[in-house]
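Order of the sequence lines fixes the chain letters, A, B, ..., with proteins taken first and strands second; residue numbering starts at 1 for each chain.
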Protein chains: 2
Amino acid sequence: MVKKDQGNSELVSIPEPTLRRLPIYYKYLKMKFDEKDRYVSCTTIAKNLNLKSIQVRKDLQVTGATGKPKVGYHIESVLSAIETCLGYNNVKDTLLVGTGHLGLALLGYKGFREYGLNIVAAFDTDPHKIGAVYHGKKVYNLSQFKLLAQRLKIQIGIITTPAEVAQIVCDQMVESGIKAIWNFAPVHLMVPADVIVQNENMSSSLAVLSKQLLERKRS
Amino acid sequence: MVKKDQGNSELVSIPEPTLRRLPIYYKYLKMKFDEKDRYVSCTTIAKNLNLKSIQVRKDLQVTGATGKPKVGYHIESVLSAIETCLGYNNVKDTLLVGTGHLGLALLGYKGFREYGLNIVAAFDTDPHKIGAVYHGKKVYNLSQFKLLAQRLKIQIGIITTPAEVAQIVCDQMVESGIKAIWNFAPVHLMVPADVIVQNENMSSSLAVLSKQLLERKRS
DNA sequence: ATTTTATCGATATATTTTTATCTATTAAAC
DNA sequence: GTTTAATAGATAAAAATATATCGATAAAAT
């Protein structure tokens, strides 16, 4: 990860592993809060999430949240610190392409709103799907993507198409001014340097899982 | 990650970041092979996948694959090295619980076979879904999970249920002898120490994506 | 009030992962 | 055949990340 400290901000870039854990803390803490807990120690968090308490402490430190000896962290404060840190409170609009099962699953996932992500509309090329409305989101013809993306100044695109067409869709997104792509198709996308791609790579998780299983069995 | 070198094997545990990249190389090399290429250098791989060539070289080293100066790696050999390394050639049977859109997306994903994963059957509690067949996989009543899991000696379970019931399903899996759980529900699962959980955590990817986008804009 | 205990926060250390450098090898060009 | 260029492989350095240690602090117990 590129660490850029130049510029005005006091914001030092957060290590990626930490960044990935923050949403996990967030979810956990929300649950705790719903269970009427108000404070929780990093020891407890660590135990529940199978982490080390030191790590939890360090992770939370980057959010600016601060705890109190003997009682732990004030859950609400940490939640709001994470929200600010991850930008959960400024909603980012996105467009999704590909309304197969996976696409529909994402369209229907209420949780995204919580993470500051709003899927505005979906696109497909299948005439049977165009015009349909899923979970309140309309499906447009892919040919209209650019128009909508530019009109709404959308920066984030989601690809849930079959692998074969993902690159084509990707190119179209780039041409439409999309700056970040969340790619669920099992291919590596080629993009210009100024476009970010985040791959949701199931095969990688699977590799970790089955390797662990194998090692566990061996010992 | 726990490094266990005790025991008989020459197999030193592969670093997790490397492990996660191996499937990516695999997919890329397969594509290359399909395009009739036979050799490829780590420089080329690196360029295409936005990595450093040294990293590619080191990653491939752990698979035991070996290249030739001036020509690069023999694609077929590397493919087979990765297959062996990640266990793609010994198929692991799994059961999936939760036949919502996400569950169906996974059921229908042909790619898993390539990665040595075979979803044998699906389970749900919704009477409307039980008995249905999706992509050649039958949906059973969840109450039959234990029976089937034990009879087929299944070790891996996939959870694609709503968050609210994921823990209950998880407990049931553990009770049925499942040793590894691939969890797509947005909750942290509590399991005994001898059970592995791999979370497919979309919120984590999203965090990385939107942070990168923010940092890119700032500079 | 004093002691004890749980906890955070800061600093230091260890480990892991990435990147760089240098050498050896091999195919191709001359 | 000899030279040149591209490349892997080994070793070393650097960077990033995770873990440990210790002192400070605040609540609870005595």
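- Between A:Pro17 and B:Gly72, the residue anchored nearer the 5' end of DNA chain D, judged by the nucleotide with its closest heavy atom, is B:Gly72.
- Atom-to-atom, NZ of A:Lys58 to C1' of C:dA14 comes out at 12 Å; the value is rounded to the nearest Å.
- Separating the OH atom of A:Tyr39 from the P atom of C:dC8 is a distance of 12 Å, rounded to the nearest angstrom.
- Within the 3.5 Å criterion, the main-chain N or O of B:Gly87 finds a donor-acceptor partner in the side chain of B:Lys92.
- Distances shorter than 4.0 Å separate none of the side-chain N or O atoms of A:Gln55 from OP1 or OP2 on D:dA20.
- Rounded to the nearest 0.5 angstrom, A:Gln167 CD and A:Ile159 CD1 are separated by 8.0 Å.
- For A:Ser41, counting side-chain heavy atoms from C-beta on, the closest listed nucleotide (C:dT18, C:dA10, C:dC8) is C:dC8.
- Between the CD atom of A:Glu16 and the C1' atom of D:dA18 there is a distance of 16 Å, rounded to whole Å.
- Donor-acceptor pairing under 3.5 Å is lacking for the side chains of A:Ser80 and A:Ser77.
- Rounding to whole angstrom units, CD of residue A:Gln61 and P of C:dT11 are separated by 10 Å.
- Side-chain proximity of B:Arg57 to the nucleotides D:dA8, C:dT19, D:dT21 is greatest for D:dA8.
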Residues 101-118 of chain B side chain polar contacts: donor-acceptor under 3.5 Å, at least two apart:
| unit_1 | atom_1 | unit_2 | atom_2 | d |
| --- | --- | --- | --- | --- |
| B:Arg113 | NH1 | B:Asn118 | OD1 | 3.3 |
| B:Asn118 | ND2 | B:Asp93 | OD1 | 3.0 |

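- If you take CG of A:Leu60 and C1' of C:dG9, they are 12 Å apart, rounded to a whole angstrom.
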For each nucleotide in nucleotides 25-30 of chain D, reading 5' to 3', give B when a protein heavy atom comes within less than 4.0 Å of its base, S when such contact involves only the sugar-phosphate, and - otherwise.
-> BBB---
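- In this structure, B:Tyr73 reaches the D:dG9 phosphate: one of its side-chain N or O atoms is under 4.0 Å from OP1 or OP2.
- Between the NE2 atom of B:His74 and the P atom of D:dT7 there is a distance of 17 Å, rounded to whole Å.
- When rounded to the nearest whole Å, the span between CG of B:Asp59 and C1' of C:dT19 equals 12 Å.
- Judged purely by atom type and a 3.5 angstrom limit, B:Asn199 has no side-chain atom pairing as donor or acceptor with the backbone of B:Asn201.
- Out of D:dA10, D:dA20, D:dA8, the shortest distance to the side chain of B:Thr43 is found at D:dA8.
- A:Tyr39 and A:His74 have their aromatic ring centers within a separation under 6.0 angstrom.
- Ring-plane geometry between A:Phe145 and A:Phe123 is classed as perpendicular, the angle between the planes exceeding 60 degrees on a 0 to 90 degree scale with a lower cut at 30.
- Within the 4.0 angstrom heavy-atom criterion, only backbone atoms of the sugar-phosphate kind lie near B:Thr66; the bases stay farther away.
- Atom-to-atom, NZ of B:Lys52 to P of D:dA16 comes out at 11 Å; the value is rounded to the nearest Å.
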